[in-house]
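Here the structure comes first, spelled out in structure tokens, and everything after it is commentary.
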Amino acid sequence: MVLLNLKNVSFRYDANWVLRDLSCDVAQGEFLGIIGPNGSGKTTLLRICSGILVPGRGMVALEGRDIRNIPRKALARTMAFVAQDSPELFHFKVNECVLMGRAPHLGRLQFEKERDFAITRQAMEATGTLLLASRNLADLSGGEKKRVHIARALAQEPEILFLDESTAYLDMKHATAIFDLLKALNRDQGLTVIIVTHDINTAALYCDRLLMMHQGSIFAEGRPEEIITEANIREVYETRVTIDRNPENGLPRISLLPQSLSDPRKPVKAGAAPQL
Ligand SMILES: Nc1ncnc2c1ncn2[C@@H]1O[C@H](COP(=O)(O)OP(=O)(O)OP(=O)(O)O)[C@@H](O)[C@H]1O
């Protein structure tokens, strides 16, 4: 079933169009990755999909309904967004921040109930943030903050979770734990996940489908093995890479080919000071 449908979407912040006539569908239960170089329009596209930005031309529909006609609170019960950064929440404690995820489910002037606290706790357990509960968000490391924002989004119990570079600050253990959690929610509970990432290798491991952006348009879309090719990467990222297969699962795996390491070099003797 098509959950989100973008029809001929264009967007500009000022005079320049940064998204151009873009159309795509996202199916219910999909794990979609949006990749592409800096400035290609990934974050803008994610914000358009989630209703944070309104397209200048074209339309975004959620289950066939124009999202401009869906009240904000109803939209927040369906969609949660984890941004690259959320500085407006820095003066809150971790547990307060995660509990805020329940706001779209509360009536006007209604306080949180037992169930809201239980869901908040579950989200903190799942993201490994329970031990941080009474800390100020402002005092946490970049990776800890990220995990708190993901916990808040999960507490929202959305049908669609948007994540913008959400594992960028995370070490390998925590990045894998978060992606495994998202994959489990996606597989077991039908959560639709849409991520923007620069980590193409991780995207290849977890995403069902990739959408490769280039200069405000969709350059290519399809399964990771169809999209992650040396030719596509060379054209879109203007970078030389080599691509082989992950021996565990056969999925594409990129290695950079830095120019500096292709140059012939004299071996440096151990203990010798480098010649400057
Ligand atoms: N608030 C804004 N006002 C004006 N221009 C903006 C604004 N936000 C983004 N842009 C421009 O829109 C274009 C697309 O930006 P966007 O953030 O969507 O790209 P991106 O692919 O997510 O980039 P990155 O990988 O660097 O995060 C860029 O040229 C950027 O400079």
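Ligands are counted one by one from 1 in listed order, and the atoms in each one are counted from 1 as well.
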**Prompt:** What's the shortest distance from atom 17 (O) of ligand 1 to any protein heavy atom, and which residue and atom give it?
**Reply:** Thr43 CB, 3.7 Å
**Prompt:** Short N/O distance, under 3.5 Å, between Gly39 and ligand 1?
**Reply:** yes
**Request:** Within a distance under 4.0 Å of any heavy atom of Pro37, pick out the atoms of ligand 1 and give their elements.
**Result:** 21 (O)
**Request:** Just need the protein heavy atom nearest to atom 4 (C) of ligand 1, so name the residue and atom and give the distance.
**Result:** Tyr13 CB, 3.3 Å
**Check: Asp21 and Ser217 side chains under 4.5 Å, non-hydrogen atoms** = no
**Message:** I'd like to check which ligand 1 atoms, numbered from 1 as shown, lie under 4.0 Å from a non-hydrogen atom of Gly41.
**Reply:** 14 (C), 18 (O), 19 (O), 20 (P), 21 (O)
**Fill in**
Residues Cys49 and Ile67: closest non-hydrogen pair is O-CD1, 3.9 Å
**Item:** Matching residue for Leu210 among Asn232, Leu32, Ile227, Ile34 - test: side chain to side chain contact (heavy atoms under 4.5 Å, CB included)
**Value:** Ile227
**Request:** Answer yes or no: is there an ion pair linking Arg77 with Glu159, defined by an N-O contact shorter than 4.0 Å?
**Result:** no
**Asked** Quick one: does Ser40 get an N or O within less than 3.5 Å of an N or O on ligand 1?
**Response** yes
**Request:** Can you pull out the closest protein heavy atom to atom 21 (O) of ligand 1? Residue, atom name and distance to 0.1 Å, please.
**Result:** Lys42 NZ, 2.7 Å
**Asked** Hey, is Lys183 close enough to Asp208 for a salt bridge, meaning N to O under 4.0 Å?
**Response** yes
**Item:** His198 contact mode with ligand 1 (heavy-atom cut-off under 4.0 Å)
**Value:** side chain
**Message:** Can you confirm whether the side chains of Asp180 and Tyr206 place a donor and an acceptor under 3.5 Å from each other?
**Reply:** yes
**Item:** Under 4.0 Å to a heavy atom of Thr44 - the qualifying atoms of ligand 1, by number
**Value:** 14 (C), 15 (O), 16 (P), 18 (O)
**Asked** For atom 31 (O) of ligand 1, is the nearest protein heavy atom closer than 4.0 Å?
**Response** no
**Prompt:** Of all the heavy atoms in Gly216, does at least one lie under 4.0 Å from an atom in ligand 1?
**Reply:** no
**Prompt:** What residue and heavy atom of the protein are closest to atom 26 (O) of ligand 1, and at what distance?
**Reply:** Asn38 ND2, 3.0 Å
**Item:** Non-hydrogen protein atom less than 4.0 angstrom from atom 9 (C) of ligand 1
**Value:** yes
**Prompt:** Are more than 12 heavy atoms from other residues, nucleotides or ligands located less than 6.0 Å from atom NZ of Lys113?
**Reply:** no
**Per atom 13 (C) of ligand 1, closest listed option by heavy atom (Asp164, Thr197, Val18)** = Val18
**Prompt:** Are the side chains of Ile70 and Met79 in touch, meaning some heavy atoms are under 4.5 Å apart?
**Reply:** no
**Within-shell test, Gln84 vs ligand 1, heavy atom, strictly < 4.0 Å** = yes
**Heavy atoms from other residues, nucleotides or ligands near CE of Met1 exceed 12 (cutoff 6.0 Å)** = yes
**Prompt:** Should Ile48 and Val60 count as side-chain neighbours, where that means a heavy-atom distance under 4.5 Å?
**Reply:** yes
